[in-house]
Amino acid sequence: TIVFDKTGTLTQNKMTVRKIVVQDHMIAANDVSPENPEEQELILASVLCSDATCQNGTEIGDPTETALVRFAQDCGLSDEEMRSSHARISEIPFDSDRKLMSTLNQCGDVRKMYTKGATDVLLDRMLVSEAEKQEIVKQVEELSEQGLRVLCFASKTFSGDVLDVADENGLNYLGLIAEMDPPREESKQAVAECKSAGIKPVMITGDHPQTAMSIGQMLGITNSSQAMTGYQLEHMDDAELAKAAVEYDIFARTSPEHKLRLVKALQDNGEVVGMTGDGVNDAPALRQADVGIAMGIKGTEVTKEAADMVLTDDNFATIASSVKEGRRVYDNLKKTILFIMPTNLAQGLLIIIALLAGNIIPLTPVLILWMNMATSATLSFGLAFEAAERNAMNRPPRKTGQHVITIHNQWPLHKHTVGCKEF
């Protein structure tokens, strides 16, 4: 089983704003009018409540936030001017557990607090009626079904100087911004290769469940019709989670801490688990996994140190390629052993027979060394660099504890060999 994060691994990690929702109206990104006060307020909130910058084609910051800044620039609004005229006084950084970020900005004579985050987290913190809540949830589900990541924005006037987590309540709803992170073209083929190779891909993401399932369907993940949320995972004991880990292939609205529990649950089921990660909080899960895989581009140094291997391109297709390369090396190792063993056995038998017959030893140590160097060592190089077998990615993984060489799978005398024993 390979457990992987969706964003940046299966997707291109190049977010673009596709739609916004203001006053119950869903508007395509190309049709947004910055002259509209409500739309302008939403764009302002998205820029002020972010730390990303986009200058001269250089993007610095989280891809989710750089997409917001680029969207403002595409609408003809300068992010630099907005930030200079609305100075930031205080902030509460984004946290994966809270799924929220808030900033306090000086907007003329008043101070405003802008909050950005997951809709299901913000809903209970906003001053909206039950009917409005249902409408917002309906719009989020509609956007999520299209594979879009939805961000919710809210604001309120604030009189203090320093923000606190307790202040993230009593907010006024501003609107939604939906972004698209398209899947990599090679990811679908890589997922199919893993499935044919007997490897189960499991996707874990912080996105909305509907978004995760939509991306899962695009990529061909086996069970993409249902997803388990981090909330459900937290309320399960280890036995229940071990059972759910077999049934579900998509885990949404999760935090890095959930990865460790998921790895342990899969291992309890006897699975050999590979885990991808990029953040500091992913390090325990990478250490626990049988194969920890760190992201080379967006991964932290702590993650890279805890992992067994590092992806230099953060691409899931590279994992599939490394599995194929590993099977090629393993197969060629067996071929080399099978080639060297008979040649050495023949030399040994020749000497033993000569000793039993009372004759002079036909091969001196120097001759034996020369023969090994001239035949076994040199000719086995060809086997070492042989291309992968055609069925390398169409066969199940070998069982843990299986011997490297077995008579049954290496020297079949005919199609229906029976009773072969390992040696």
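Computed from a predicted structure; not experimentally measured.
A donor-acceptor contact closer than 3.5 angstrom is absent between the side chains of Y114 and E91. For Q12 and E185, the side-chain atoms include no donor-acceptor pair closer than 3.5 Å. With hydrogens and angles left out, the side-chain atoms of T64 and R149 include a donor and acceptor closer than 3.5 Å. In the model, K19 has a side-chain atom that pairs as donor or acceptor with a side-chain atom of Q146 under 3.5 Å. When only modelled atom types and interatomic distance are considered, N172 and S155 share no side-chain donor-acceptor pair under 3.5 Å. For S102 and E168, the side-chain atoms include at least one donor-acceptor pair closer than 3.5 Å. For the residue pair S50 and R83, a side-chain donor N or O sits within less than 3.5 Å of a side-chain acceptor on the partner. A donor atom on one side chain and an acceptor atom on the other are found under 3.5 Å apart for R18 and T16. Looking at T1 and E271, their side chains do bring a donor and an acceptor atom within 3.5 Å of each other. Checked by atom type, the side-chain pair S255/E257 shows a donor-acceptor distance below 3.5 Å.
Taking every heavy atom of both residues into account, A72 and M82 meet most closely at CB-CE, 4.0 Å. The minimum heavy-atom distance between P183 and L219, with the atom names listed, is CB-CD2, 3.7 Å. Of all heavy-atom pairs between P397 and A197, the closest is CD-O, 3.2 Å. Here the closest heavy-atom approach between residue L286 and residue A307 is recorded as CD1-CB, 4.2 Å.
Residue pairs meeting the side-chain hydrogen bond (donor to acceptor under 3.5 Å, both in side chains) criterion with at least one member in residues 211-222, sequence neighbours excluded: S144-T211.
Screening K334, K335, R395 for a salt bridge (Lys or Arg N to Asp or Glu O under 4.0 Å) with E389, the sole residue that qualifies is K335. Checking K264, R261, K243 one by one against D238, the side chain to side chain donor-acceptor pair (under 3.5 Å) holds for a single residue, R261.
Residues satisfying the side-chain contact (heavy atoms from CB on, under 4.5 Å) test with A317, not counting sequence neighbours, are E186, A190, N315. For the side-chain contact (heavy atoms from CB on, under 4.5 Å) test, residues two or more places apart in sequence or in another chain that qualify with N223 are S225, Q226, D249. Looking at residues two or more places apart in sequence or on another chain, you find a side-chain contact (heavy atoms from CB on, under 4.5 Å) between E234 and H258. With sequence neighbours excluded, the residues satisfying side-chain contact (heavy atoms from CB on, under 4.5 Å) with D290 are Q267, V272, V273. In this view, R70 and E59 satisfy the side-chain hydrogen bond (donor to acceptor under 3.5 Å, both in side chains) rule, not counting sequence neighbours.
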Intermediate values then yes/no, side chain to side chain contact (heavy atoms under 4.5 Å, CB included), M203 and I221: CA-CA 8 Å; M203 184 169 72; I221 293 177; 4.0 Å; yes

K116 and E65: CA distance, side-chain angles, deciding distance, salt bridge (charged side-chain N to carboxylate O under 4.0 Å, His left out) verdict: CA-CA 11 Å; K116 168 190 71 179; E65 295 186 345; 2.8 Å; yes

Side chain to side chain donor-acceptor pair (under 3.5 Å) evaluation trace for T318 with D313: CA-CA 8 Å; T318 305; D313 58 359; 2.7 Å; yes

Residues E132, S129; criterion side chain to side chain donor-acceptor pair (under 3.5 Å); working and verdict: CA-CA 5 Å; E132 290 174 322; S129 64; 3.3 Å; yes

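For the pair S90 (side chain) and L163 (backbone), a donor-acceptor distance under 3.5 Å is present.
Geometrically, R398 engages Y330 in a cation-pi contact defined by less than 6.0 Å to the ring centre and at most 45° from the axis.
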